[in-house]
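For reference, the structure discussed in these notes is given below.
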Amino acid sequence: QLQLVESGGGLVQPGGSLRLSCAASGFTLDGYAIGWFRQAPGKEREGVSCISSRGGWKNYADSVKGRFTISRDNAKNTVYLQMNSLKPEDTAVYYCTADWNPSSSFCTILPRYEFWGQGTQVTVSS
């Protein structure tokens with residue numbers, strides 16, 4: 001069974017940092033573009049960041065540019081989202097997504113991904 005499992009969420013004070021991890025189970029992430037999305041209560045789902053299947057292309061929402069960094073370690077079958085300088089408006093459930101796209105050098109932060117994880121809660125509050 002193909003699964004994506006997010007971890008690393010939690011409660012952090014404004015200005016703090018968290019690193020989210022997305023581990024694949026039942027398949028290898030090699031060849032998959034990976035996206036991170038988030039959804040806050042009462043708000044629409046928002047694309048946060050993505051990384052191409054080869055890791056050479058990364059994209060970020062304007063709201064997180066300069067603060068979040070996406071990376072992947074295919075040897076560990078894991079993708080990471082390093083989140084620094086967190087703000088209360090970053091509070092949301094964060095989802096990891098994957099889409100088979102081995103030939104593309106690009107990725108998108110539109111919700112066009114086949115596989116989705118269950119999400120991990122990130123709360124930024126003092």
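Put simply, the side chain of Asn101 never gets that close to the backbone of Ile34: no donor and acceptor are under 3.5 Å apart. No donor-acceptor pair closer than 3.5 Å links the side chain of Ser21 to the backbone N or O of Ser7. A donor-acceptor pair under 3.5 Å is absent between the side-chain atoms of Asn84 and the main chain of Ser17, judged by distance alone. A donor-acceptor contact shorter than 3.5 Å is absent between the side chain of Glu114 and the backbone of Ala98. Distance alone, capped at 3.5 Å, is enough to place a donor-acceptor pair between the Glu6 side chain and the Gly119 backbone.
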- [ ] Dump the intermediate steps for side-chain contact (heavy atoms from CB on, under 4.5 Å) on Trp36 and Cys96, then the final yes or no.
- [x] CA-CA 5 Å; Trp36 283 97; Cys96 172; 4.0 Å; yes
- [ ] Show your working on side-chain contact (heavy atoms from CB on, under 4.5 Å) between Trp57 and Cys107 and close with a plain yes or no.
- [x] CA-CA 7 Å; Trp57 177 269; Cys107 63; 3.4 Å; yes
Open item on the list: Evaluate Asp90 against Arg38 for side-chain contact (heavy atoms from CB on, under 4.5 Å), listing each step before the verdict.
Closed with: CA-CA 9 Å; Asp90 294 318; Arg38 67 186 182 186; 2.9 Å; yes
TODO: Take Asp62 and Lys65 through the test salt bridge (charged side-chain N to carboxylate O under 4.0 Å, His left out) and record every step on the way to the result.
DONE: CA-CA 5 Å; Asp62 288 343; Lys65 277 182 183 175; 3.2 Å; yes
Open item on the list: For Arg67 and Tyr60: C-alpha separation, side-chain torsions, deciding distance, then whether side-chain contact (heavy atoms from CB on, under 4.5 Å) applies.
Closed with: CA-CA 10 Å; Arg67 301 187 298 121; Tyr60 299 92; over 6 Å; no
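Linking Ile, Leu, Val, Met, Phe, Trp and Tyr whenever their side-chain heavy atoms come within less than 4.5 Å leaves Phe115 and Val5 in two separate clusters. Tyr95 is not connected to Leu20 by any chain of hydrophobic side-chain contacts under 4.5 Å among Ile, Leu, Val, Met, Phe, Trp and Tyr, and they are in different clusters. Note: the hydrophobic cluster containing Val12 also contains Leu81 (ILVMFWY, side chain heavy atoms under 4.5 Å, direct or indirect links).
Residue Gln82 places its CD atom among more than 12 non-hydrogen atoms of other residues, nucleotides or ligands, all under 6.0 Å distant. Environment of CH2 in Trp116: crowded, with over 12 heavy atoms of neighbouring residues, nucleotides or ligands closer than 6.0 Å.
No side-chain heavy atom of Thr108 sits less than 4.5 Å from a side-chain heavy atom of Asp99. At least one side-chain heavy atom of Tyr80 sits less than 4.5 Å from a side-chain heavy atom of Ser71. The side-chain heavy atoms of Val79 and Ile70, taken from C-beta on, include a pair separated by under 4.5 Å. Side-chain contact check for Ser104 versus Ser53: every heavy-atom pair is 4.5 Å or farther apart.
Between atom CD of residue Gln13 and atom CG of residue Leu11 there is a gap of 8.0 Å, rounded to the nearest 0.5 Å. To the nearest 0.5 Å, the span separating CD1 on Ile51 from CZ on Phe106 amounts to 14.0 Å. The CG atom of Asn59 lies 4.5 Å from the SG atom of Cys50; values are rounded to the nearest 0.5 Å. Distance check, rounded to the nearest 0.5 Å: CD of Gln39 to CD of Glu44 gives 8.5 Å. Ser52 contributes atom OG, which lies 7.0 Å from atom CZ of Arg72 (distance to the nearest 0.5 angstrom).
Leu86 approaches Leu18 most closely through the heavy-atom pair CD1-N, 3.8 Å. In terms of heavy atoms, Thr91 sits closest to Ala40 at O-CB, 3.5 Å. Summarising the geometry of Gly47 relative to Ala61, their closest heavy-atom pair is O-CB, 3.3 Å, with the distance given to 0.1 Å. Here the closest non-hydrogen pair linking Gly9 and Val122 is CA-CG2, 4.1 Å.
With no hydrogens or angles considered, a side-chain donor-acceptor pair links Glu46 and Ser63 at under 3.5 Å.
Using a 30° and 60° split on the angle between ring planes, Tyr113 and Phe37 fall in the perpendicular class, above 60°. Relative orientation of the Phe68 and Tyr94 rings is tilted, given thresholds of 30° and 60° on the angle between their planes.
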